[in-house]
*Asks:* 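Below you will find the structure I want to go over with you.
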Amino acid sequence: INAILGMNEMILRECKDKKILEYAQAVQTSSNALLSLVNDVLDLSKIESGKLEIKEEEYKLQDLILNSYGMVAERLEKKGLRGSIFCNEKLPQGLIGDFSHLRQILINFLTNACKYTEKGNVDFFILGSVNGDEAKLIFSVKDTGIGIKEENRAKMFKKFERFDLQRNRNIEGTGLGLSISKQLCDLMGGKIEVKSEYGKGSEFILTVPQKIYDHVPVGEVSPKSNQKEK
């Protein structure tokens, strides 16, 4: 799949024929969807077989936030949605934890918020508290989307589970993202909460403990601040 994406990227860069570019764009969209599905199934297999390891490494909180948000920023713009980042500037910038799996959960939250929101905004909150050399981080993704019916709440974290199919028939997805996110969260000693009102929006909240290696405050975190550093 990566080979297909790589060769297709060359076509998108070099080809001038509009019809071929349309075909190449379709190949890219389908290949990315297939790659996402394969990765989800592999992750699920690793988790269920007990082979997935939580790896702790030093990382910067700002990198985690901007890296996660950056994966949906273009999509938000294309849909005409307002995207915002609200971060507690006093949180420590240097943390120790599983950066890649935390990022995976946050991207899942943000992607879902974007998929199920047609107008309004998607807000990304980063809050938390510090106790000695440990931080309790609270990541929240809040949208003004379609919301979740009360009777469907219990199904959200089940494998291959999708609901309200009549309304969501045109929205891509396998129903694996939240199941994987929940299991990753459990492995990291965290928890996920969901607040939702059908027809008005949802909020997904991840609370997870992380060790601290640098207590210097993270300061302002926004896509604009990232551009200034570059």
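Computed from a predicted model, the values in this text were never measured in an experiment.
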*Asks:* Please round to the nearest 0.5 Å and tell me the distance separating atom CD1 of Ile212 and atom CD of Glu58.
*Replies:* 12.5 Å
*Asks:* For the pair Asp143 and Asn121, evaluate side chain to side chain contact (heavy atoms under 4.5 Å, CB included) and give the outcome as yes or no after the intermediate values.
*Replies:* CA-CA 6 Å; Asp143 65 58; Asn121 50 283; over 6 Å; no
*Asks:* Given side chains that start at C-beta, do those of Arg75 and Lys115 come closer than 4.5 Å, heavy atoms only?
*Replies:* yes
*Asks:* For the pair Phe99 and Asn67, evaluate side chain to side chain contact (heavy atoms under 4.5 Å, CB included) and give the outcome as yes or no after the intermediate values.
*Replies:* CA-CA 10 Å; Phe99 177 92; Asn67 203 307; 4.3 Å; yes
*Asks:* For Phe204 and Phe109, take the angle between the two ring planes, folded into 0 to 90°, and tell me which bin it lands in: parallel under 30, tilted 30 to 60, perpendicular over 60.
*Replies:*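 Ring orientation, 0 to 90° scale: tilted.
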*Asks:* In residues 7-16, what donor-acceptor pairs under 3.5 Å come from side-chain atoms, sequence neighbours left out?
*Replies:*
unit_1 : atom_1 : unit_2 : atom_2 : d
Asn8   : ND2    : Ala24  : O      : 2.7
Glu9   : OE2    : Arg13  : NE     : 3.3

*Asks:* Could you tell me if the side chain of Leu76 sits less than 4.5 Å from the side chain of Val122, heavy atoms only?
*Replies:* yes
*Asks:* For residues 184-195, which side-chain N or O atoms pair as donor and acceptor with protein atoms under 3.5 Å away, sequence neighbours left out?
*Replies:*
unit_1 : atom_1 : unit_2 : atom_2 : d
Asp186 : OD1    : Lys182 : NZ     : 3.2
Asp186 : OD2    : Lys182 : NZ     : 3.1

*Asks:* Among all residues two or more places apart in sequence or in another chain, which pass the side-chain hydrogen bond (donor to acceptor under 3.5 Å, both in side chains) test with Ser196?
*Replies:*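 side-chain hydrogen bond (donor to acceptor under 3.5 Å, both in side chains) check on Ser196 returns Ser202.
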*Asks:* Would you say Tyr59 ends up clustered with Ile54 if hydrophobic residues are merged whenever their side chains have heavy atoms under 4.5 Å apart, either directly or through other cluster members?
*Replies:* yes
*Asks:* Rounded to the nearest 0.5 Å, what separates atom CG in Leu5 from atom OG in Ser31?
*Replies:*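 One finds 4.5 Å between CG of Leu5 and OG of Ser31.
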*Asks:* How far does CG of Asn108 sit from CD1 of Ile105, to the nearest 0.5 angstrom?
*Replies:*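 Between atom CG of Asn108 and atom CD1 of Ile105 there are 8.5 Å.
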*Asks:* Can you establish whether the number of heavy atoms outside Glu74 located under 6.0 Å from its atom CD is more than 12?
*Replies:*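 12 or below, so no.
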*Asks:* Please enumerate all residues that pass salt bridge (Lys or Arg N to Asp or Glu O under 4.0 Å) together with Lys79, with sequence neighbours excluded.
*Replies:* Glu118
*Asks:* Listed by chain and number, what are the ring pair (Phe, Tyr, Trp, His ring centres under 6.0 Å) partners of Tyr69, not counting sequence neighbours?
*Replies:*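 Here no residue qualifies.
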*Asks:* Over all heavy atoms of both residues, which pair between Glu57 and Ser100 is shortest? Give the atoms and the distance, please.
*Replies:*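 The pair with the smallest heavy-atom distance is OE2-N, 4.3 Å.
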*Asks:* Nearest 0.5 Å, what's the CD1-OH distance between Ile146 and Tyr116?
*Replies:* 6.5 Å
*Asks:* Linking directly or through intermediates, with side-chain heavy atoms under 4.5 Å: list the remaining ILVMFWY members grouped with Tyr23, chain and number order.
*Replies:* none
*Asks:* Out of curiosity, Leu91 CG to Gln210 CD, how far, rounded to the nearest 0.5 Å?
*Replies:*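 One finds 11.5 Å between CG of Leu91 and CD of Gln210.
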*Asks:* Looking at Thr144 and Gly120, what are the two nearest heavy atoms and their distance?
*Replies:*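 Minimum heavy-atom contact is OG1-CA, 3.3 Å.
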*Asks:* Below 4.5 Å, heavy atoms only, C-beta onward: do Gln104 and Ile180 meet side chain to side chain?
*Replies:*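 Gln104 vs Ile180: side chains touch.
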*Asks:* State, to 0.1 Å, how close Lys60 and Gly94 come at their nearest heavy-atom pair, and which atoms those are.
*Replies:*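 For Lys60 versus Gly94, the nearest heavy atoms are CD-CA, 4.5 Å.
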*Asks:* Apply side-chain hydrogen bond (donor to acceptor under 3.5 Å, both in side chains) to Ser30 and list each qualifying residue two or more places apart in sequence or on a separate chain.
*Replies:*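 If we apply the side-chain hydrogen bond (donor to acceptor under 3.5 Å, both in side chains) test to Ser30, skipping adjacent residues, there are no hits.
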*Asks:* Going by side-chain contact (heavy atoms from CB on, under 4.5 Å), name the residues that satisfy it together with Lys211, two or more places apart in sequence or in a different chain.
*Replies:*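 With neighbours one apart ignored, the set is Glu56, Ile96.
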*Asks:* Partners of Tyr213 by ring pair (Phe, Tyr, Trp, His ring centres under 6.0 Å), sequence neighbours excluded?
*Replies:*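 Scan of Tyr213 (ring pair (Phe, Tyr, Trp, His ring centres under 6.0 Å), adjacent residues dropped) gives none.
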*Asks:* With rounding to the nearest 0.5 angstrom, report the CD1 to CG distance, Ile65 to Leu106.
*Replies:* 9.0 Å
*Asks:* Mind checking side-chain hydrogen bond (donor to acceptor under 3.5 Å, both in side chains) for Asn88 and listing every partner two or more places apart, or none if nothing turns up?
*Replies:* none
*Asks:* Test your reading of the model: is there a side-chain donor-acceptor pair from Ser84 to the backbone of Asp123, 3.5 Å cut-off?
*Replies:* no
*Asks:* When you compare the side chain of Ser222 with that of Glu220, does any pair of heavy atoms fall below 4.5 Å?
*Replies:*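 In contact.
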*Asks:* Any side-chain heavy atom of Ile107 within less than 4.5 Å of one from Leu110?
*Replies:*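 Of all side-chain heavy-atom pairs linking Leu110 with Ile107, none is under 4.5 Å.
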*Asks:* Looking only at non-hydrogen atoms, find the nearest pair between Cys114 and Leu81 and report the distance.
*Replies:*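 That closest heavy-atom pairing would be O-CD1, 4.2 Å.
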*Asks:* Just distance, no hydrogens or angles: give the donor-acceptor pairs under 3.5 Å from side chains in residues 126-141, sequence neighbours left out.
*Replies:*
unit_1 : atom_1 : unit_2 : atom_2 : d
Asp133 : OD1    : His215 : NE2    : 2.9
Ser140 : OG     : Glu203 : OE2    : 2.5

*Asks:* Are Ile148 and Tyr198 side-chain neighbours, meaning at least one heavy-atom pair lies under 4.5 Å?
*Replies:* no
*Asks:* Determine whether Asp214 and Pro92 make a side-chain contact, defined as any pair of heavy atoms from C-beta on separated by less than 4.5 Å.
*Replies:*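 Not touching, per the 4.5 Å side-chain cut-off.
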*Asks:* Gln28: what forms a side-chain hydrogen bond (donor to acceptor under 3.5 Å, both in side chains) with it, not counting sequence neighbours?
*Replies:*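 Counting only residues at least two positions away or on another chain, Gln28 forms a side-chain hydrogen bond (donor to acceptor under 3.5 Å, both in side chains) with Gln25.
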